[in-house]
Amino acid sequence: MEDYPRTLQELETRFSTEEACREYLARLRWPNGFVCSGCEGTEAWSTGRGLRMCAGCGRQMSVTAGTIFQGTRTPLTLWFRAIWWVVSQKNGASALGLQGVLGLGSYRTAWTWLHKIRRAMVRPGRDQLTGKVEVDETLVGGVESGGGRRYIGKKALVAIAAEVRGRAIGRIRMRCVADASGESLLPFVQQVIQPGTVVITDGFQGYSGLSELGYRHDRRVILGSGEAAHAVLPRVHRVTSLLKRWLLGTHQGAVSREHLDYYLDEFTFRFNRRTSRHRGKLFYRLLEQAVAVDPVPYAAMVKGIRGLKKKIRTPQHVVGT
Ligand SMILES: [Zn+2]
């Protein structure tokens, strides 16, 4: 049963205490009832403060251990509001926005929260794309002249896969890749697309080898003008232009290459649920994934934060086309 608040008011009434938040997380974490990670026993006592004690072996487990909430000193009630706010932002969430709406003292705190939340946006071991899938790469980052379509320079190269659903786009996946070689592109395909799927690419060499990996490779060689590329891979190109517009509009293009994957996850989460009517449902999905994700130590996330504020205020860090 998917049980979630429908409005902000419902959220605030229902999750006004730590206990209510913890109980909700416990149900998401153990949807089929408690299971002890030590002895696999299924009976436990609540010992308060979000702890469960296994009736079989006495092991104590916290509802938040191993999730993005592990070790947080912030009340869960505030986390719930932050997540509600993030899913409510139609065009994506910014750290400045989150700081403002929750009245957080520091920009850095808001930024850290947002990155933790983004980490929960892509479910580990999520379903692979199937059917027919278009795959291509695109450069994201500062405008640089010369070098050609696959020249990276200071930009980041993003691999994109989009399912073909009639004339429309199904689900998408995207990730930063080191370069446009087969060693970089093929593992991306293997991670996000089920073997046996028809994979449509342009004639680029990096994709040769797909057949050997068990895919049905539909290779469409583009001859002549750049216009033809859009005709051959229209869905991926549509996703590409939406992504660039989103990075530019919501984040003013101020996304460092190092953290780009997090933003790609947020974009993917929103795109794949673009027809969901209830923000409550997005809230539910995000919390469900949040309790399934390993915590990221702050130090691992924070590399490169120093340049961040400066970038926010410097509009010339734009996303190229
Ligand atoms: Zn046990």
Side-chain angles (χ1 to χ4, degrees), residues 1-6 10-87 109 112-128 173 190-192 194 261-262 265-266 268-269 272-273 276 278 280-302:
M1 275 298 286
E2 297 186 355
D3 160 33
Y4 48 80
R6 314 269 155 166
E10 233 181 275
L11 175 95
E12 292 191 335
T13 311
R14 184 166 168 190
F15 300 112
S16 59
T17 66
E18 290 301 285
E19 194 50 31
C21 296
R22 275 198 225 102
E23 282 310 309
Y24 191 71
L25 291 182
R27 263 185 292 147
L28 289 171
R29 180 156 189 184
W30 296 297
N32 304 310
F34 173 87
V35 180
C36 174
S37 59
C39 72
E40 298 188 359
T42 53
E43 275 179 62
W45 293 293
S46 290
T47 63
R49 315 187 79 206
L51 293 174
R52 293 280 192 285
M53 190 166 91
C54 175
C57 69
R59 192 189 189 108
Q60 291 203 341
M61 266 169 287
S62 146
V63 171
T64 54
T67 77
I68 67 165
F69 306 113
Q70 177 173 323
T72 184
R73 272 165 282 153
T74 310
L76 288 171
T77 51
L78 204 55
W79 272 108
F80 275 39
R81 273 154 195 72
I83 288 174
W84 182 270
W85 182 81
V86 166
V87 299
T109 305
T112 310
W113 281 34
L114 207 47
H115 274 68
K116 283 194 177 192
I117 293 169
R118 284 199 181 100
R119 264 194 71 88
M121 286 186 170
V122 172
R123 198 172 49 229
R126 66 215 160 120
D127 303 331
Q128 290 182 305
R173 301 281 187 259
Q190 285 185 291
Q191 190 189 22
V192 304
Q194 207 169 78
D261 270 323
Y262 293 112
D265 284 350
E266 178 177 358
T268 302
F269 179 83
N272 288 344
R273 289 160 189 81
S276 264
H278 284 293
K281 190 157 182 159
L282 291 181
F283 174 80
Y284 176 87
R285 287 272 167 257
L286 195 43
L287 274 182
E288 189 180 43
Q289 292 174 199
V291 292
V293 166
D294 288 336
V296 197
Y298 179 72
M301 231 171 9
V302 82

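Note that ligands are numbered from 1 as they come in the structure, with each ligand's atoms numbered from 1 the same way. Numbers here simply count residues along the sequence, with the first being 1.
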Checked the Zn ion (ligand 1): protein N, O or S atoms closer than 2.8 Å come out as Cys36 SG, Cys39 SG, Cys54 SG, Cys57 SG
Using the side chain to side chain contact (heavy atoms under 4.5 Å, CB included) criterion, which residues pair with Thr72? Sequence neighbours excluded.
Phe69, Thr74, Trp79
Test your reading of the model: is there a side-chain donor-acceptor pair from Gln194 to the backbone of Gln128, 3.5 Å cut-off?
no
Mind listing the side-chain donor-acceptor pairs of residues 55-62 below 3.5 Å, one per line with the distance, residues two or more places apart or on another chain?
unit_1, atom_1, unit_2, atom_2, d
Arg59, NE, Ser37, OG, 3.4
Ser62, OG, Thr64, N, 3.0
Ser62, OG, Thr64, OG1, 3.0
Ser62, OG, Ala65, N, 3.3

Please confirm whether the ring centroid of Phe283 lies under 6.0 Å from the ring centroid of Tyr4.
no
Run the ring pair (Phe, Tyr, Trp, His ring centres under 6.0 Å) test against Trp30 and tell me which residues pass, sequence neighbours left out.
Phe34
If only atom types and distance count, is the side chain of Glu18 paired as donor or acceptor with the main-chain N or O of Leu76 below 3.5 Å?
yes
